[in-house]
Structures are given as structure tokens and as C-alpha cells.
2 protein chains.
Amino acid sequence: MRSIYPLSDAGLELLKPFIAKKHISKGDFILRKDETCRHIYFVNKGFARIFYFKNGKEITEWFTAEKNFCFSITSYFEEKPSHLIIECLEDSEVIYLSKEGLDKLCKTQIEISNFFSKMISGALILSQKRMDSIQFETARQRYEQLIKNQPYILQKVPLQYVASFLGITSETLSRIRTQI
Amino acid sequence: MRSIYPLSDAGLELLKPFIAKKHISKGDFILRKDETCRHIYFVNKGFARIFYFKNGKEITEWFTAEKNFCFSITSYFEEKPSHLIIECLEDSEVIYLSKEGLDKLCKTQIEISNFFSKMISGALILSQKRMDSIQFETARQRYEQLIKNQPYILQKVPLQYVASFLGITSETLSRIRTQI
DNA sequence: TTCAGCAATTGACAATTGTCAAAAAATACG
DNA sequence: CGTATTTTTTGACAATTGTCAATTGCTGAA
């Protein structure tokens with residue numbers, strides 16, 4: 001976990017009471033629909049995808065690779081039921097860091113507060129970059145970027161997940177692929 | 001400034017050395033192209049827009065209304081020259097909060113660190129909502145949402161700014177407007 | 001007040017992507 | 001294996017939005 005954002009031994013000790021390690025089997029959920037997201041999830045081992053239903057169809061919003069974290073931003077901060085679902089696509093080991101504990105620690109422990117800020121800023125930068133990409137690149141450009149930056153995704157997940165992640169239909173993705 | 005995120009008197013005193021109030025005339029810039037964004041900008045009075053050039057055309061990314069803050073996310077966090085430009089569309093009073101000062105305070109002052117987290121999480125939630133809107137709503141739906149949620153924008157800025165903010169051309173916006 | 005310059009609209013057409021249906025390919029499982 | 005199921009591809013067509021060019025409308029400075 002510390003590989004992502006630096007944290008002293010003392011800081012880690014502070015977090016420990018609020019951390020739980022769980023094994024999630026392939027196909028099982030880290031976060032279910034309408035469950036409120038009360039943790040930040042570090043995918044220590046394995047692979048997850050974040051998706052939701054739109055007009056009866058699954059839309060993949062994000063993938064979380066090993067050694068990355070995920071959570072439902074709006075559910076977590078607004079403490080409302082999540083429309084996002086987080087599913088493990090492989091047998092995974094996930095570290096749950098509780099919001100309750102984190103909030104409590106942030107009130108008194110400056111190292112934890114800064115650790116949290118770092119995580120959030122990282123998420124903000126990612127969110128911003130994804131927004132730029134969706135708004136100003138064509139479907140083909142986004143697919144090419146994906147091949148370049150996260151080729152492992154294409155090896156791990158069905159193309160329909162990739163398609164909705166890119167914001168296009170399976171059919172369009174298929175046509176893009178034949179033309180490259 | 002405190003109207004947005006709570007801050008004690010002591011907290012405000014801590015920030016004061018790193019705050020500067022500036023008057024920016026209509027048409028002048030808060031952040032210029034290729035300048036590194038070293039502040040968070042609170043628009044205390046006035047109105048600003050954030051835009052950049054794409055293929056020689058201005059693309060409006062965001063508007064900042066009175067009592068809101070703005071900054072270039074990637075330039076600020078990655079300390080790189082900004083491709084975003086922040087321009088005042090009215091005579092404005094802007095409070096500059098320096099990153100250097102904020103970073104320094106965050107190391108030792110937990111209230112400031114939490115204040116900063118709150119700002120960033122707010123920005124993250126906004127960014128997320130905008131992403132959803134761009135990816136899954138049609139141009140017309142986004143325009144209708146804009147009328148509903150931020151009607152003042154339509155009164156303040158030329159339609160071409162609104163169009164690029166919605167991610168469409170002026171022509172398309174014009175056609176949407178005639179059909180409502 | 002007038003006119004220059006910018007902003008907004010309109011028309012014709014093109015490009016991109018979506019939708020629906022069907023076929024082909026890949027995969028899972030008894 | 002072989003079959004059932006799911007995934008991917010393909011085709012025909014429609015919808016949305018963009019591009020380019022021309023026109024109209026608006027605004028501000030001389």
C-alpha cells in the first residue's frame with residue numbers, strides 16, 4: 001500500500017486498526033449496487049472493474065490494476081448508496097481502509113491527513129485526464145492510447161468492457177480494431 | 001473564502017501570510033498560458049472562465065462563479081506549465097492562495113491539511129459529475145441541465161463559450177436552442 | 001449615427017457513431 | 001469431445017454532430 005503514497009512506520013501503525021485484508025474470488029463484488037461505499041479499497045493482488053447499469057446495460061467506468069486503489073467517489077464523500085459496482089475480475093486480495101477510521105485519524109494525525117490528500121489529488125488528476133480524453137479524442141485515439149498505456153487491460157477483459165470504458169459500443173470498437 | 005469550507009479564526013490567521021488579494025480587470029488573466037499554476041484562486045467577486053486552445057480554437061473547460069475557486073489541476077499538482085488559461089470575464093476580486101505556503105502549512109498544521117483535503121474532494125466530486133455528464137448525456141440534455149443548474153452562465157457569456165463548455169460547436173448549440 | 005467587426009444563425013453536406021439483426025467465432029461445461 | 005452460451009464481428013440503416021460557407025444580427029467606437 002505504501003508503494004503508492006509514502007507513509008512512515010508510525011503512520012502505518014495508526015492505520016492498522018482500520019484496515020482489513022480480504023480475499024475476493026473472481027466474479028465476487030467489492031462494492032455492491034446501492035451499498036454505501038465506506039472504505040477505500042486497495043487491490044493488493046488481482047484486478048477489478050468498476051461499472052454500473054445504464055438503460056439495462058453494463059457500463060464500465062474504470063479498471064483497477066494491482067497495487068492501485070479504487071472507491072466510489074460520490075458514494076464515499078456524500079455517504080449515499082452507490083450506483084457503481086466494483087467487481088473482481090480475478091481472484092484478488094483487497095485491503096479495506098475504513099472511511100470512519102480515516103476520518104477520525106485525519107482529525108488528529110497530520111501524516112494521515114496528508115496521506116489522504118495525496119490519494120485524493122492523485123484521483124483528481126486521473127479524473128481530469130480521463131475527462132480530457134473523453135471530450136476531445138475520437139474513439140480511435142482513445143483505443144490507441146489504451147493499447148499504448150494499459151495494454152494489459154486488453155489481455156484481461158472482454159472487448160465489451162473495453163468498449164464501454166472507451167465510451168463506445170462493442171460494434172464500433174470491433175470496427176476500429178479491424179481498421180488498425 | 002470560509003463560506004465554502006469551514007476554517008477557524010486561527011486557521012485563517014495561518015493562511016494570511018500566503019494570501020494576496022488582487023483586482024483583475026475584465027479581459028485580464030488570472031493564469032496565462034504556459035505559466036505554472038502556483039496558486040489556488042478564489043473568485044471573491046466577479047466571474048472567470050477556464051479555457052485552452054485546441055487546433056487554434058478556444059475551448060472553454062469551466063466557469064468559476066463568485067465565491068468559488070479554480071486552478072489548473074495538472075499544472076498545480078505536477079508543477080508544469082499550464083495549457084489552461086484563466087480569464088476574468090468581469091472586473092473581479094481574486095484571492096491568491098500560494099501553493100508553496102499551503103504545502104508548508106500542510107506539513108505542520110492539521111486544520112490546514114484538512115481544509116485542503118476538503119477543497120480537493122470537492123473538486124474531485126465536480127470533476128466526476130462532469131465526466132458522467134459528458135460521457136452519457138446528449139448535447140441537448142447537457143444544455144437543459146445547464147439552464148436548470150447554472151442559468152446565470154447563459155446570461156453572462158457568449159454562446160460560443162457555452163457551446164465549447166458543453167463539448168459541441170456553436171452551430172449545434174444554435175440548432176438545439178431553436179428546437180426547445 | 002453609422003459602420004466595422006464580431007457573434008449567432010442557417011443551409012447543405014459529410015463524418016462518426018449508434019441501433020438492430022444476424023452470422024461467425026470463441027469459450028465454458030457437462 | 002460436442003453442444004450451449006457468450007462474445008465478437010458484420011451489414012444495413014438511422015441519428016447525431018461536425019464542417020464549411022453564407023447570411024443575419026448585434027455592439028461598440030469613431
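Please read all numbers here as calculations on a predicted model, not as lab measurements. Throughout, protein chains are lettered first and strands after them, A, B, ... in sequence-line order, and every chain is numbered starting at 1.
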Output a table of nitrogen or oxygen pairs between the protein and nucleotides 26-30 of chain C separated by less than 3.5 Å.
none

Polar atoms only, N or O, under 3.5 Å: list the protein pairs with nucleotides 25-30 of chain D and their distances.
none

Legend entry - With A:Lys45 via side chain to side chain contact (heavy atoms under 4.5 Å, CB included) - residues at least two apart: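 A:Lys45 satisfies side chain to side chain contact (heavy atoms under 4.5 Å, CB included) with A:Glu66, A:Glu93 once adjacent residues are dropped.
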Inset, instruction - Tell me, please, which residues at least two apart from A:Pro158 pass side chain to side chain contact (heavy atoms under 4.5 Å, CB included). - result: A:Gln160, A:Tyr161
Inset, instruction - Could you check which residues of residues 151-160 of chain B get a heavy atom under 4.0 Å from DNA chain C? Sort them by number, please. - result: B:Pro158, B:Leu159, B:Gln160
Legend entry - Sequence-distant partners of B:Tyr41, ring-ring contact (aromatic ring centres under 6.0 Å, His included), two or more places apart: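 Testing B:Tyr41 for ring-ring contact (aromatic ring centres under 6.0 Å, His included), a comparison that skips the adjacent residues, returns B:Tyr96.
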Inset, instruction - For the helix from C:dT1-D:dA30 to C:dG30-D:dC1, measure the angle between the helix axis at one end and the axis at the other, each built from five pairs, rounding to 10°. - result: 40°
Legend entry - Any pair counted as ring pair (Phe, Tyr, Trp, His ring centres under 6.0 Å), so long as it reaches residues 107-134 of chain B, sequence neighbours left out: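 Every pair satisfying ring pair (Phe, Tyr, Trp, His ring centres under 6.0 Å) with a residue in residues 107-134 of chain B: there are none.
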Inset, instruction - Could you note down all residue pairs passing ring pair (Phe, Tyr, Trp, His ring centres under 6.0 Å) where residues 1-36 of chain A supplies at least one of them, sequence neighbours left out? - result: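 Qualifying pairs, neighbours excluded: none.
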Please tabulate, one pair per line, each protein N/O and nucleotide N/O from nucleotides 10-13 of chain D that are separated by under 3.5 Å, including the distance.
{"unit_1": "D:dG11", "atom_1": "N7", "unit_2": "A:Arg175", "atom_2": "NH2", "d": "2.6"}
{"unit_1": "D:dG11", "atom_1": "O6", "unit_2": "A:Arg175", "atom_2": "NH2", "d": "2.9"}
{"unit_1": "D:dA12", "atom_1": "N6", "unit_2": "A:Arg175", "atom_2": "NH2", "d": "3.4"}

Inset, instruction - Could you note down all residue pairs passing side chain to side chain donor-acceptor pair (under 3.5 Å) where residues 106-115 of chain B supplies at least one of them, sequence neighbours left out? - result: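 Qualifying pairs: A:Ser113-B:Ser113, A:Ser113-B:Asn114, A:Asn114-B:Ser113, B:Ser8-B:Glu111.
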Inset, instruction - Sequence neighbours left out, what pairs pass salt bridge (Lys or Arg N to Asp or Glu O under 4.0 Å) with at least one residue falling in residues 115-128 of chain B? - result: none
